[in-house]
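In what follows, chains are A, B, ... by sequence order, proteins preceding strands, each numbered from 1.
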Amino acid sequence: MITQAPRGTYDATPNENATFRSDVLHRLEDHFFAVMARYGYGEVRTPMFEHTELFSRTSGDTSEVVNKQMYSFTDKGDRSVTLKPEGTAPAVRAYLDAKLGAQGGVTRLCYQTAIFRYERPQKGRYRQAHQFGLELFGSGQPDADAEIIEATIEFYRAIGLRDTVVLLNCIGRAESRARFREALATYLAPWLPDQSEEIKMLADRNPLRLFDQKDPKVNEFMAGAPVVTDHLEDASRAHFDTLQALLTEAGVGYELRPEIVRGLDYYTDTVFEVHSTLLGAQGALCGGGRYDNLVKEVGGPATPGVGVGMGVERAYIVLEAQGDLPPMPGLNAFVVAATEDAWPTVRTLCRALRKAGLSVQYDVEGKNLKGQMKQADRMRAQWAVILGTDELAAGQATIKNLATGEQRQVPQSDIAATVGA
RNA sequence: GCGGAUAUAGCUCAGGGGUUAGAGCGCCUCACUGUGGCUGAGGAGGUCGUGGGUUCAAGACCCAUUAUCCGCCCCA
């Protein structure tokens, strides 16, 4: 079936029952960049693909994303390249390549990008998905973490999402995490031999995930397990405490969740997700956190950073589940020829109205008056502007409000003002 | 990568081996020849996801395949 989009991808189209309406996606983008402009974030656009090493080095080779989800291929120059599975590592690379941090201080970047992961698709999970992202380089202060989270919430408010919750955790630095893993391993040791292969593998590969299992028996056992936040260094502890105070001050509600650990290995200290109950199994709207070793890892000077990646489709799905998708956009006016002699004037008037900034169409199918009126209705035009022999003679036009049905005659020169109001 | 469900008109769905496959909505025409929406009357539109098979006969049953959805896993 050559007409269907590849598995896990979709076409966004401007029609009412599209899976994703392109006009809505466009609105989300507008809101995102408008909000981020108010926070002073500048847009960075990075390539669709990167050297594979950028991701394998930074995301960690035990991570699921790098392990089996990357769209990697060898190009004709025998280089291994990968369609980007996430936005942060490329943003870091671009930040370094363009020497944005050369003057010191803080650099704030935002982006909108497609991401690719070879996964089994379901609702809210695609092989090509899209993310809005923020990265803040050059500050290790909790104020930076707070700003990222606050800006994220601000975006969700701007597009009208309700009932979202910020899930917050602090996973510490390498040393404290090692200490914690040790404590956890000690706790798991007597219990593990009786568990399923799956649990054993998880305990070996990514033990923090054990905090986030569906099995109630596992949860019961894990309730008594040591918690990451009990093993934090003083600096991490203080950072986390201050961040919470800042969020409270900002009026951003949050829940502490020791099971939030994130799938990418580069995070240090702060990690967070925003969830919505309306998303089903794919509960996360966005995920982010602090990555104080990442810039150095990519080859730059040691530079702290914090960022977030927000799922565009997931925001859309929640908006739709709320019943809050905006109505399909319509024209300001549809200009109608009531008599054959009016066509030249119809065309000139359309040009004038468009020049005045209005969205305007006229019939290009050779329809009669009734057909044109019908078309005006179908295009959700606010006004029908009707021109016929009578109007031409008087230098006027009949304008009809298609919502109320009222109509009146106005001078042709006044139409832009009336229709645009 | 694992388990389960689904695929029939533009959309939402009914039909469960046997004449020309149905409904609602949408679309087209007419009533309404300078006026959309409402109403009424007509009408068009489907190789029943695709490829095989069983059968005298398949949209229905079987196998494969593709896609979507749900759960697991993972996460955006």
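- A salt bridge is absent between A/Glu406 and A/Arg408: the closest approach of a Lys/Arg side-chain nitrogen to an acidic carboxylate oxygen does not fall below 4.0 angstrom.
- If you measure from atom CZ of A/Phe272 to atom P of B/A76, you get 11 Å, rounded to the nearest angstrom.
- Nucleotides B/C56 and B/A44 have their P atoms positioned 37 Å apart, rounded to a whole Å.
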remark   = For RNA chain B, the dot-bracket notation using Watson-Crick and G-U wobble pairs below 3.5 Å, [ ] for pseudoknot-type crossings and | for other-strand pairs, is (((((((..((((....[...)))).(((((.......))))).....(((((..]....))))))))))))....
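- If you take atom P in B/G40 and the same atom in B/G26, they sit 12 Å apart, rounded to whole Å.
- Take the nearest nucleotide of RNA chain B for A/Thr389 and for A/Asn17: the residue whose nucleotide is more 5' is A/Asn17.
- The aromatic ring centres of A/Phe55 and A/Phe49 sit 6.0 Å or more apart.
- Using P as the reference atom, B/G37 and B/C25 are 15 Å apart when rounded to the nearest Å.
- Listed by chain and number, the residues in a side chain to side chain contact (heavy atoms under 4.5 Å, CB included) with A/Thr13 are A/Asp11, A/Asn15, A/Ala18 (sequence neighbours excluded).
- B/A58 and B/G1: their C1' atoms are spaced 35 Å apart (whole Å).
- Under the rule for a salt bridge (Lys or Arg N to Asp or Glu O under 4.0 Å), A/Lys374 has no partner lying at least two apart in sequence or in another chain.
- A/Glu50 has a carboxylate O that lies under 4.0 Å from a charged side-chain N of A/Arg93, or vice versa, which qualifies the two as a salt bridge.
- Each of A/Val274 and A/Gly8 has a nearest nucleotide on RNA chain B; the 5'-most of these lies closest to A/Gly8.
- If you check every strand for non-hydrogen atoms under 4.0 Å, A/Phe334 touches nothing.
- Annotation: B/A9 and B/A21 have their C1' atoms spaced 11 Å apart (nearest Å).
- If you measure from atom CZ of A/Arg7 to atom C1' of B/U50, you get 16 Å, rounded to the nearest angstrom.
- A/Asp390 comes within 4.0 angstrom of a nucleotide base, judged by non-hydrogen atoms across all strands.
- Residue A/Gly87 is classed as having no contact, given no heavy-atom separation below 4.0 Å to the nucleic acid.
- Straight-line distance between the C1' atoms of B/G4 and B/G42: roughly 47 Å, to the nearest whole Å.
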Write down the protein N/O and nucleotide N/O pairs, taken from nucleotides 42-44 of chain B, whose separation is under 3.5 Å; answer none if there are no such pairs.
none

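- Annotation: B/G45 and B/G15 have their P atoms spaced 25 Å apart (nearest Å).
- Applying the ring pair (Phe, Tyr, Trp, His ring centres under 6.0 Å) rule to pairs touching residues 363-415 of chain A yields nothing, sequence neighbours excluded.
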Under 3.5 Å, which N/O atoms of the protein pair with N/O atoms of nucleotides 35-38 of chain B?
residue : atom : partner  : partner atom : Å
B/U35   : O2   : A/Lys400 : NZ           : 3.3
B/U35   : O2   : A/Gln407 : OE1          : 3.4
B/U35   : N3   : A/Gln407 : OE1          : 2.9
B/U35   : N3   : A/Gln407 : NE2          : 3.3
B/U35   : O4   : A/Gln407 : NE2          : 2.9
B/G36   : OP1  : A/Lys370 : NZ           : 2.7
B/G36   : O2'  : A/Asp377 : OD2          : 3.4
B/G36   : N7   : A/Lys400 : NZ           : 2.8
B/G36   : O6   : A/Lys400 : NZ           : 3.4
B/G36   : N1   : A/Leu402 : O            : 2.5
B/G36   : N2   : A/Asp377 : OD1          : 2.9
B/G36   : N2   : A/Leu402 : O            : 2.4
B/G36   : N3   : A/Asp377 : OD1          : 3.3
B/G37   : N2   : A/Ala403 : O            : 3.1

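- The distance from atom OH of A/Tyr10 to atom P of B/C69 is 12 Å, rounded to the nearest whole Å.
- Following rounding to the nearest Å, A/Arg127 (CZ) and B/U66 (C1') show an atom-to-atom distance of 12 Å.
- Taking the centre of each ring, A/Phe132 and A/Phe155 come in below the 6.0 Å mark.
- In this view, A/Glu29 satisfies the salt bridge (Lys or Arg N to Asp or Glu O under 4.0 Å) rule with no residue, not counting sequence neighbours.
- Here salt bridge (charged side-chain N to carboxylate O under 4.0 Å, His left out) pairs that include residues 130-147 of chain A, with residues two or more places apart or in two chains, are A/Arg108-A/Glu147, A/Asp145-A/Arg290.
- For A/Glu365, the salt bridge (Lys or Arg N to Asp or Glu O under 4.0 Å) test picks out A/Lys367, with sequence neighbours left out.
- Of the candidates A/Phe20, A/Phe116, A/Tyr316, A/Tyr118, A/Phe20 is the only one forming a ring pair (Phe, Tyr, Trp, His ring centres under 6.0 Å) with A/Tyr126.
- One interatomic measurement links the two molecules: NZ of A/Lys367 to P of B/U33, which rounds to 17 Å at whole-angstrom precision.
- A/Ala376 comes within 4.0 angstrom of nothing in the nucleic acid, heavy atoms only.
- Rounding to the nearest 0.5 angstrom, the gap separating the CG atom in A/Leu168 from the CD atom in A/Gln244 is 6.0 Å.
- Scored by the side-chain hydrogen bond (donor to acceptor under 3.5 Å, both in side chains) test, A/Glu150 finds no partners at all (sequence neighbours excluded).
- Not a single salt bridge (Lys or Arg N to Asp or Glu O under 4.0 Å) links A/Arg7 to another residue, sequence neighbours left out.
- The interatomic distance linking A/Lys123 (NZ) with B/U6 (P) rounds to 19 Å, in whole Å.
- Under the 4.5 Å side-chain criterion, counting only non-hydrogen atoms from C-beta, A/Glu119 is in contact with A/Arg125.
- Using a 4.0 Å heavy-atom distance criterion, A/Gly287 is classed as a sugar-phosphate-only contact.
- Atom CG of A/Leu83 and atom C1' of B/A76 are 16 Å apart (whole Å).
- Stacking of A/Arg127 on the aromatic ring of A/Tyr71 is not recorded, the 6.0 Å distance cut-off and the 45° axial limit not both being met.
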Identify all pairs in which a protein N or O lies below 3.5 Å from an N or O of nucleotides 1-4 of chain B, and state each distance.
residue : atom : partner  : partner atom : Å
B/C2    : N4   : A/Arg120 : NE           : 3.3
B/C2    : N4   : A/Arg120 : NH1          : 3.3
B/G3    : O6   : A/Arg120 : NH2          : 3.0

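- Minimum atom distance to the side chain of A/Gln69 is reached by B/C74, of the listed B/C74, B/A76, B/U68.
- Here B/A76 presents its C1' atom at 14 Å from CG of A/Leu167, a figure rounded to the nearest Å.
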